[in-house]
Protein chains: 2
Amino acid sequence: MNIEHIRSFLEVAATGNFHRAGEHLHVTQSTVSARVQALEHRIGQPLFTRGRGGVALTTAGRRFHRYAVATVRAWEQGRQETALPEGFRASIALGTQVSLWERLVLKWIPWMRSALPDVALRLEADYSPSQMQKLADGLLDIGVMYMPRHIPGLAVETLLVEKLVLVSTRPCKVAPDWVADYVFVDWGEDFLVQHRQAFADMETPAVSVGLGAMGLQHILASGGSGYFPLRAVQPLLKDKRLYRVTKAPVFKRPAYMVYSADPSDQKLLDQALAGLRHVAREAADG
Amino acid sequence: MNIEHIRSFLEVAATGNFHRAGEHLHVTQSTVSARVQALEHRIGQPLFTRGRGGVALTTAGRRFHRYAVATVRAWEQGRQETALPEGFRASIALGTQVSLWERLVLKWIPWMRSALPDVALRLEADYSPSQMQKLADGLLDIGVMYMPRHIPGLAVETLLVEKLVLVSTRPCKVAPDWVADYVFVDWGEDFLVQHRQAFADMETPAVSVGLGAMGLQHILASGGSGYFPLRAVQPLLKDKRLYRVTKAPVFKRPAYMVYSADPSDQKLLDQALAGLRHVAREAADG
DNA sequence: CATATTGATCGAAAAATTCGATCGATATGG
DNA sequence: CCATATCGATCGAATTTTTCGATCAATATG
């Protein structure tokens, strides 16, 4: 069965008129008639009552209508999602965590556009678990994230290593007054482990924050200290709005890129990965 | 685009082999090849990597896969739902409330099977509001229910009038000791209004029940009185397990059938309605 | 190196789709 | 009552698409 036939059925149902349906579909009335008849024959039921001033759906036609909509929509959407934009040769689908978006992907886009102008880019910012699934299912070509799971068939490569440094709103060289104004920011499981090792005797901080940007806003507004990516606080250190606690340990937080070990277009993937490595070098903390 | 093409894509994706896919679809390998190529051309992307020992989905192919499944399923299901069973000329879709199922529809089915053996029956038991919507949408041909809403384009016809009579587990001629052992059964809005008019000074009964069968079970188990359909309690009256309170008012509870005022097959509908009227007469309280 | 398996390709045959013209039925207006 | 307009069905011819069988080239297997 042809999807054009189903689309014709929907158009006739909408207009109630074979001629008008034909116009909308850019075919003749006899074509519409033939299509609807083919559909009716395939289903084995009349879908329209042909009468006086046009047509109306039969009970069977109305029953079929919702499935017709679903069928056409599923096909149309699948085509849309899968097809390449006009004038492109291939496409790369990349998923990333929001926090790595600005830092890496935003710079990778122009790199790709100039290096491979005929490759369309499909980008999504999502959270890590669903992204790993999409990579495993082959729905994404590249994932950029902290803390990937290891899955067979997927290669994981360190892209850059962020340095998390302790900063405070007051100048001080040693670890600050814990508990009082320290803000614990959850930078993920790796950080948690390192943090616990370094500050084994530390009591539970009064404030702990799940999202980095929130923690930074908090200490800037209310004063305090906490671990933040060097890159993110560097301008604030220059402005003397924050001070680095130089004696405190520095933690490392690596970001990875994940990709298929056996891609359908090895060459294309290699180029895209090279671009990511390039922007990662440029974005390195130094 | 042809749905067989999409089905072929799915079969190839499942088997990883054009030959085997062809066998499953009862076509030759070259047909499968042509179909997949047509699909790829229509989408503008290769969906498989053809290689050494078979084929594998590309990223695009994997992306398309779920939509392919959705498309085929929607069409297949629509055809299933809409098509007539083998050897039937037409079909009638009837929806009813559960409580009227046994009373009417169960007897209507054999009537229809013998009167119109080449008409398929589609039956669903549902609750009134969604049923009226389905009737209005033309998804049902006939609805059988208490308390239909009136909707333009739908005809409503009284099918039978149930008599609700007061019965008690103890013999008594007059209204029983209210409140103490009377069970109020909610037989719908009409009943509520009549009941309130007849027993204006009645206090709120101790027990009120939403479903008729539950109320009947309750008074049979624990003793008491309440309104029930004459038809339902008649055998219990004969067995002297219940006694009718003859002086109490009798309430009427009409059941209706609802159908399109302008059906696509008037003659067929008329015959089905005649059948319903017939079984309703037989089921009348007398 | 022979052999088997894979998907692509080609040409011919078959099937389907499409179009334009026309038909019959029905409604509208004078 | 009749001329006219509108509607969908139908027909035949032209076109396009689909299918098949045979064959080819590439790649594994023993």
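Nothing here was measured: the structure is a model prediction, and the numbers come from that model. Throughout, a chain's letter reflects where its sequence line sits, starting with A, and its residues are numbered from 1.
Taking atom CZ of residue A:Phe48 and atom C1' of nucleotide D:dC7, one finds them 14 Å apart after rounding to whole Å. Distance NE2 (A:His19) to C1' (D:dA5): 11 Å, rounded to an integer number of Å. Per the geometry, CZ belonging to B:Arg50 stands 17 Å off C1' belonging to D:dC24, to the nearest Å.
Put simply, A:Asn17 has a side-chain N or O that comes within less than 4.0 Å of OP1 or OP2 on D:dG8. Within the 4.0 Å cut-off from OP1 or OP2 of D:dC20, at least one side-chain nitrogen or oxygen of B:Thr28 is found.
Remark: A:Ser260 OG to A:Leu135 CG distance equals 9.0 Å, nearest 0.5 Å. Within the model, atoms CE of B:Met147 and CD of B:Glu189 stand 4.5 Å from one another, a figure rounded to the nearest 0.5 Å. Interatomic distance, A:Asp118 CG to A:Phe88 CZ, rounded to the nearest 0.5 Å: 8.0 Å. Interatomic distance, CZ of A:Arg79 versus CZ of B:Arg42, reported as 4.5 Å (0.5 Å rounding).
Remark on the helix from C:dC1-D:dG30 to C:dG30-D:dC1: inter-end axis angle 30°, axes from five-pair C1' superpositions, rounded to 10°.
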Distances under 3.5 Å between protein N/O atoms and the N/O atoms of nucleotides 26-30 of chain D, please, pair by pair.
none

Any N/O pairs under 3.5 Å between the protein and nucleotides 13-16 of chain D? List them or say none.
none

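Using a 3.5 Å distance cut-off with no hydrogens or angles, the side chains of B:Glu157 and B:Tyr259 do pair a donor with an acceptor.
No contact: A:Val32 has no heavy atom under 4.0 Å from any strand.
Between the side chain of B:Arg62 and the main chain of A:Gly138, a donor-acceptor pair closer than 3.5 Å is present. Not one N or O on the side chain of A:Ser8 forms a donor-acceptor pair closer than 3.5 Å with the backbone of A:Val32. Checked by atom type and distance alone, the side chain of A:Thr71 pairs as donor or acceptor with a backbone atom of A:Tyr67 at under 3.5 Å. For A:Thr31 (side chain) and A:Val27 (main-chain N/O), no donor-acceptor pair under 3.5 Å exists by modelled atom type. Under the 3.5 Å distance criterion, the side-chain polar atoms of A:Thr49 are matched with a main-chain donor or acceptor of A:Ala56. Between the side chain of A:Glu124 and the backbone N or O of A:Thr96 there is no donor-acceptor pair closer than 3.5 Å.
Between B:His278 and B:Trp111, the angle of the ring planes lies from 30° to 60°, which puts this pair in the tilted group. Note: A:Phe48 and A:Phe18 have perpendicular aromatic rings, judged against thresholds of 30 and 60 degrees for the angle between ring planes.
Residues from residues 2-14 of chain A with heavy atoms under 4.0 angstrom of DNA chain C, sorted by number: A:His5. Within residues 35-44 of chain A, the residues that place at least one heavy atom under 4.0 Å from DNA chain D are, in residue-number order, A:Gln37.
Atom CZ of A:Arg253 has more than 12 heavy atoms from other residues, nucleotides or ligands within 6.0 Å.
Contact detail for A:Leu140 and A:Leu94: the closest heavy-atom pair is CD2-C, 4.1 Å.
Residues A:Arg7 and A:Glu4 are paired through a salt bridge, judged by an N-O separation under 4.0 Å between the basic side chain and the carboxylate.
Boundaries of the chain A contact region on DNA chain C are C:dT17 to C:dA27, first to last in 5' to 3' order (nucleotide atom under 4.0 Å from a heavy atom).
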Notebook entry, point to check: Do B:Thr15 and B:Glu11 pass the side chain to side chain donor-acceptor pair (under 3.5 Å) test, and can you show the C-alpha distance, the side-chain angles, and the key distance before you say yes or no?
Noted result: CA-CA 6 Å; B:Thr15 59; B:Glu11 196 57 43; 5.1 Å; no

Notebook entry, point to check: Can you list the steps and then say if B:Glu81 with B:Arg122 is a salt bridge (charged side-chain N to carboxylate O under 4.0 Å, His left out)?
Noted result: CA-CA 10 Å; B:Glu81 295 268 320; B:Arg122 218 178 279 278; 5.2 Å; no

